[in-house]
Amino acid sequence: MPPRLSRPRRESVRRRLLEWYGKSRRDLPWRRSDDPYRIWLSETMLQQTRVETVVPYYRRFLERFPDLRSLALADEQDVLKQWEGLGYYSRARNLKRAAEMVLRDHGGRVPSDPEALGSLPGIGRYTSGAIRSIAFKQPAPVVDGNVKRVLARLLAEPGLSETRLWELAGQLVEGEHPDLLNQALMELGATVCVPRNPLCSTCPLRRGCAGAATGRPEDFPARAPRPPPRAVRALGGILRSRGRLLLMRRPSRGLLGGLWEIPSVPGDDPGTLVEALRERTGLGSRAGAALGEVRHVFTHRDLTLRVVELERDGGRKRAPAGDAEALWCGSAEIARLPLSRLMHKVLELAER
DNA sequence: AAGCCGGGGTA
DNA sequence: TACCCAGGCTT
């Protein structure tokens with residue numbers, strides 16, 4: 001397939017983007033540094049997460065872990081605690097693990113070559129391109145949701161493939177200031193070429209934009225319908241002892257991996273909960289009063305968690321099984337553990 | 001290629 | 001309510 005943009009067209013788009021970005025760029029914390037660690041951190045936090053959401057997390061995280069070494073040597077629990085509420089927690093676990101690898105294999109310096117970068121957990125094609133272009137000024141393309149939308153509208157082709165998008169982004173970034181060019185593309189998508197009601201009248205690429213010419217730029221790119229979150233029920237138990245609460249660590253893999261929660265099981269059966277608790281910790285219990293229900297909607301799951309009191313009934317008959325971690329926590333310990341939004345709702349319920 | 005993985009801002 | 005966000009990983 002031939003390239004979709006002629007060289008003169010490419011140069012025109014590049015020039016207009018760079019000029020627009022020079023006067024329209026937002027003053028964001030991560031734009032005040034070329035430190036590869038800081039660029040990496042910001043790009044990781046920004047994955048599927050809005051700029052306004054990230055800013056306070058980015059500041060706090062850097063206060064706690066100001067450089068790659070401090071992150072590599074940190075406790076994973078502390079890293080997850082800093083990430084608490086930001087979501088997609090595998091990002092935090094991967095970032096911490098990757099920092100360890102960089103410290104061990106690259107002397108603590110973030111590598112600039114695509115092979116080394118791409119082999120780090122949590123760094124895919126986009127983040128690799130962002131670090132290479134923004135931190136190391138290499139002409140490496142990025143295609144995120146913003147770039148995809150800008151290019152899809154600019155060309156207004158129905159079946160624009162991912163391959164072609166990366167190809168186009170690669171042609172555009174070739175030249176001077178790859179860092180500014182990539183950020184200009186993303187900034188335009190975030191502030192002007194927005195998903196709904198794009199501000200075409202102020203867009204530097206208005207002239208020559210096929211999407212704007214159709215009168216319906218919102219139709220690009222074509223969006224796939226997302227199935228509604230599936231409704232599921234679960235049962236959790238509040239088990240207290242001498243002013244403390246039993247919390248358990250979720251497995252590292254999967255939903256809310258590494259975060260802490262009250263003992264919980266899928267379904268609605270108290271017998272299952274009691275049995276699971278005995279299996280995992282050896283603690284005997286029986287279900288008591290109902291405390292209420294907490295509803296929490298994830299991207300693809302609509303969870304209703306019923307919460308009941310548990311009362312101690314019998315001692316440890318066997319040792320805790322597998323890698324299950326359980327802790328009796330006072331309020332001070334609870335404040336130190338990473339908890340999901342769902343679990344914060346549960347603890348509110350339990351306090352009343 | 002498609003599903004899983006959070007949480008929140010916005011219309 | 002529904003969409004979608006500076007994506008990556010797994011199957």
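Naming: A, B, ... by sequence-line order, numbering from 1 per chain. Heavy-atom basis, side chains included; hydrogens, waters and symmetry copies ignored.
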Where the side chain of [X] is defined as all heavy atoms beyond and including C-beta, which of [options] is the nearest nucleotide?
X	options	value
A:H300	C:dG8, C:dA6, B:dC5	B:dC5
A:N197	C:dA6, B:dG6, B:dA11	B:dA11
A:R50	C:dA6, C:dC5, B:dG6	C:dC5
A:Y89	B:dG6, C:dC4, C:dG8	B:dG6
A:R253	C:dC5, C:dA6, C:dT10	C:dT10

Ring-face cation contact, A:F136 with A:R132, 6.0 Å cut, 45° max: no

Considering every strand and a 4.0 Å limit on heavy-atom distances, what is the contact class for [X]: base, sugar-phosphate, or nothing?
X	answer
A:T299	base
A:Y126	base
A:T127	sugar-phosphate
A:S340	sugar-phosphate
A:P228	nothing
A:L256	sugar-phosphate
A:G189	nothing
A:W83	nothing
A:R31	base
A:R341	sugar-phosphate

Tell me the interatomic distance from A:L259, atom CG, to B:dG6, atom C1', rounded to whole angstroms. 10 Å

Compare side-chain N and O positions of A:R91 against OP1 and OP2 of C:dG7 and report whether any pair is under 4.0 Å apart. no

Is the phosphate of C:dG7 approached by A:R125 (side-chain N or O, under 4.0 Å from OP1 or OP2)? no

Take atom C1' in C:dG8 and the same atom in B:dG9, then report the distance between them in whole Å. 23 Å

With rounding to whole Å, what would you report as the distance between C:dA6 and B:dG3 at their C1' atoms? 22 Å

Judged by each residue's nearest nucleotide on DNA chain B, which is more toward the 5′ side, A:G85 or A:R196? A:G85

Would you call A:E11-A:R7 a salt bridge at under 4.0 Å N-O? yes

Near-ring test A:H300/A:F298, centroid separation under 6.0 angstrom: no

